[in-house]
Amino acid sequence: YVANFFFATCESICPAMNSQLTRVQQAQKDNPDFIILSHTVNPMHDTAEVLFEYAGKYGAIKNKWHFLTGDKKAIYRLAKEDYLVNALQDDGTPEGFIHSEALLLVDEQHRIRGIYDGTDSLQVNKLISDITILKTEK
């Protein structure tokens with residue numbers, strides 16, 4: 001799967017990242033073993049209803065691209081300890097949150113197999129290629 005961190009009201013890197021994830025989803029739409037997990041860093045605002053509407057903006061396919069929310073501390077811990085990326089609230093920033101632009105490719109054993117700049121189309125091309133290579137390792 002591919003994992004990332006975002007928030008629905010983000011106007012900086014999130015729209016670019018999620019537009020790139022739309023490409024990843026399209027490339028893997030017929031792969032039943034592949035999903036995308038997008039974790040919000042603003043769970044106070046990004047309720048299930050907000051995320052459902054947000055998913056619609058990007059054409060998220062049900063059971064293929066999941067927009068996840070939960071306990072803020074748990075999300076930030078997941079980012080830092082499991083995915084090794086930044087995700088935190090920071091009132092010193094214009095939008096109030098800091099998160100990584102990374103798209104993380106994770107294998108079936110939950111190992112990070114690649115980290116890609118989700119705002120860079122060439123990096124996302126590499127991600128799409130690496131998903132195909134990873135699938136052949138099974």
Side-chain angles (χ1 to χ4, degrees):
Y1 66 92
V2 168
N4 77 310
F5 292 85
F6 81 105
F7 59 104
T9 56
C10 174
E11 295 179 5
S12 58
I13 64 173
C14 297
M17 272 195 320
N18 288 316
S19 292
Q20 293 297 328
L21 281 170
T22 300
R23 292 181 49 228
V24 175
Q25 175 186 241
Q26 184 62 28
Q28 296 298 317
K29 70 179 181 188
D30 296 324
N31 180 353
D33 299 324
F34 176 81
I35 61 172
I36 301 169
L37 302 178
S38 292
H39 306 82
T40 181
V41 298
N42 186 5
M44 295 301 291
H45 174 270
D46 294 348
T47 62
E49 294 81 14
V50 168
L51 293 177
F52 180 79
E53 185 176 322
Y54 189 81
K57 281 177 46 176
Y58 290 96
I61 298 170
K62 185 178 180 181
N63 297 322
K64 178 60 72 181
W65 188 354
H66 303 272
F67 288 82
L68 307 172
T69 189
D71 176 74
K72 182 169 71 171
K73 287 182 182 178
I75 293 167
Y76 294 174
R77 185 173 50 251
L78 176 74
K80 182 179 178 183
E81 295 176 10
D82 293 345
Y83 291 118
L84 310 174
V85 296
N86 290 327
L88 53 111
Q89 189 166 353
D90 183 353
D91 294 332
T93 63
E95 295 182 307
F97 297 92
I98 295 174
H99 63 87
S100 173
E101 74 283 353
L103 303 180
L104 301 119
L105 178 58
V106 181
D107 69 16
E108 290 181 342
Q109 287 77 40
H110 307 292
R111 297 176 297 199
I112 297 172
R113 297 294 292 268
I115 301 173
Y116 311 83
D117 181 338
T119 65
D120 181 328
S121 63
L122 295 177
Q123 286 278 304
V124 175
N125 290 346
K126 173 91 168 99
L127 167 61
I128 292 168
S129 174
D130 289 351
I131 293 167
T132 302
I133 293 167
L134 188 58
K135 194 167 82 170
T136 64
E137 289 183 4
K138 285 178 74 172

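Numbers here are sequence positions counted from 1.
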Over all heavy atoms of both residues, which pair between [X] and [Y] is shortest? Give the atoms and the distance, please.
X: A102; Y: N4; result: O-CB, 3.7 Å
X: D107; Y: Q109; result: OD1-N, 2.9 Å
X: I128; Y: Q28; result: O-NE2, 4.3 Å
X: A16; Y: T119; result: CB-CG2, 4.2 Å
X: D30; Y: P32; result: O-CD, 3.2 Å

pair [X]-[Y]: side-chain heavy atoms closer than 4.5 Å:
X: Y58; Y: L21; result: no
X: D82; Y: R77; result: no
X: C10; Y: M17; result: no
X: T69; Y: T47; result: no
X: H110; Y: Y1; result: yes
X: E101; Y: Q123; result: no

Candidate pair F34 and K29, rule side-chain contact (heavy atoms from CB on, under 4.5 Å), full reasoning: CA-CA 8 Å; F34 176 81; K29 70 179 181 188; over 6 Å; no
Spatial distance of atom CE (M44) from atom CZ (F7) [nearest 0.5 Å]: 15.0 Å
Gap separating the CD1 atom of I35 from the NE2 atom of H66, nearest 0.5 angstrom: 4.5 Å
Y83 and F5 aromatic ring geometry - parallel, tilted or perpendicular at 30°/60° bounds: perpendicular
Aromatic plane relationship, F6 with F67 - under 30° parallel, 30 to 60° tilted, over 60° perpendicular: perpendicular
W65 reachable from I61 in the ILVMFWY side-chain graph, under 4.5 Å edges: no
same_hphob_cluster(I75, V50) at 4.5 Å side-chain heavy-atom cutoff: no
Within the side chain of [X], is there an N or O that forms a donor-acceptor pair under 3.5 Å with the backbone of [Y]?
X: S129; Y: N125; value: no
X: D46; Y: A8; value: yes
X: Q25; Y: G59; value: yes
X: K64; Y: N31; value: yes

Polar contact flag, side-chain donor to acceptor under 3.5 angstrom, T40-N42: no
Distance-only donor-acceptor check, side chains R23 and Q20, under 3.5 Å: yes
side-chain contact (heavy atoms from CB on, under 4.5 Å) assessment of D130 paired with Y116: CA-CA 11 Å; D130 289 351; Y116 311 83; 2.6 Å; yes
Working for side-chain contact (heavy atoms from CB on, under 4.5 Å), residues N18 and Y54: CA-CA 10 Å; N18 288 316; Y54 189 81; 2.8 Å; yes
Reference residue L37; test side-chain contact (heavy atoms from CB on, under 4.5 Å); the match among L104, L68, V2: L68
With L105, the side-chain contact (heavy atoms from CB on, under 4.5 Å) member among V24, I115, L127, I112: L127
Full working for side-chain contact (heavy atoms from CB on, under 4.5 Å) between L103 and I36: CA-CA 10 Å; L103 303 180; I36 301 169; over 6 Å; no
